[in-house]
Amino acid sequence: WLILVPRIAGACEVHDLQETEQTLIALESAAAGRVLAQVTDCEKINTAAIGNIVRQLHVHVIARKPGDANWPGPVWGFGVREPYDKAAAMILIAGIKSAWPSEHGIAL
């Protein structure tokens, strides 16, 4: 699960952005999806900009597969948060950093 937060003051919705910024967030979301698919071996990537509680524009990119909590239902409002094992988290983070594209100025 990655959360992308554009560095654009006051942006709450994708339509608040200039067209070039909208294009960039689309490219970044797609890149995040490709990376998560590569490092997690997931079946499905869910991408959503749902800011009902946190109004600052942010995009969730979530790797899903059968057997995860509430599959195939939504991840929101179901179950109890389960933190990653620290060692597993470090392995996942290293995989994401290694696979993250650097073209087009997309920074991690």
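Note that the numbering runs from 1 along the sequence shown for the chain.
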Problem set entry | In one Ile/Leu/Val/Met/Phe/Trp/Tyr side-chain cluster, 4.5 Å: Val5, Trp76 | yes
Seminar exercise, completed: Sorted by chain and number, sequence neighbours left out, ring pair (Phe, Tyr, Trp, His ring centres under 6.0 Å) with Trp71 holds for none
For residues 77-90, which side-chain N or O atoms pair as donor and acceptor with protein atoms under 3.5 Å away, sequence neighbours left out?
| from | atom 1 | to | atom 2 | distance (Å) |
| --- | --- | --- | --- | --- |
| Asp85 | OD2 | Ala87 | N | 3.2 |
| Asp85 | OD2 | Ala88 | N | 3.1 |

Exercise. What's the shortest heavy-atom distance between Ala37 and Cys42, and which atoms?
Worked result: CA-SG, 3.8 Å
For this session: May I have all residue pairs that pass ring-ring contact (aromatic ring centres under 6.0 Å, His included) and include part of residues 3-31, sequence neighbours excluded?
Result: none
Exercise. After noting the C-alpha distance and the side-chain angles of Leu17 and Leu24, does the key distance pass the side-chain contact (heavy atoms from CB on, under 4.5 Å) rule?
Worked result: CA-CA 10 Å; Leu17 306 177; Leu24 185 55; over 6 Å; no
Problem set entry | Sequence neighbours excluded, every pair satisfying ring-ring contact (aromatic ring centres under 6.0 Å, His included) that has a member inside residues 35-58 | His58-His60
For this session: Flag yes if Ile62 and Ile96 sit in one hydrophobic cluster, no otherwise; membership is Ile, Leu, Val, Met, Phe, Trp, Tyr, and two members link when side-chain heavy atoms are under 4.5 Å apart.
Result: no
Exercise. Given the rule that I, L, V, M, F, W and Y join up when any side-chain heavy atoms are under 4.5 Å apart, are Ile50 and Val54 in one cluster?
Worked result: no
For this session: Could I get the full list of salt bridge (Lys or Arg N to Asp or Glu O under 4.0 Å) partners for Asp68, not counting sequence neighbours?
Result: Arg64
Problem set entry | Nonpolar side-chain network containing Ile91, other nodes, edges under 4.5 Å | none
For this session: Using the test side-chain contact (heavy atoms from CB on, under 4.5 Å), find all partners of Ala99 that sit at least two apart in sequence or belong to another chain.
Result: Val35, Gln38, Val39
Exercise. Are Leu36 and Val75 linked, directly or through other ILVMFWY residues, by side chains that come within less than 4.5 angstrom of each other?
Worked result: no
Problem set entry | Stepwise side-chain contact (heavy atoms from CB on, under 4.5 Å) test for Leu92 and Thr40 | CA-CA 8 Å; Leu92 179 60; Thr40 67; 4.2 Å; yes
Problem set entry | Counterpart residues, side-chain contact (heavy atoms from CB on, under 4.5 Å), relative to Thr47 (two or more places apart) | Ser29, Ile45, Val59, Val61
Exercise. What distance separates Thr23 OG1 from Glu28 CD, expressed to the nearest 0.5 Å?
Worked result: 11.0 Å
Problem set entry | Residue pairs fulfilling salt bridge (Lys or Arg N to Asp or Glu O under 4.0 Å) with at least one residue in residues 43-60, sequence neighbours excluded | none
For this session: Can you run down the salt bridge (Lys or Arg N to Asp or Glu O under 4.0 Å) pairs that involve residues 15-25, sequence neighbours left out, and say none if there aren't any?
Result: none
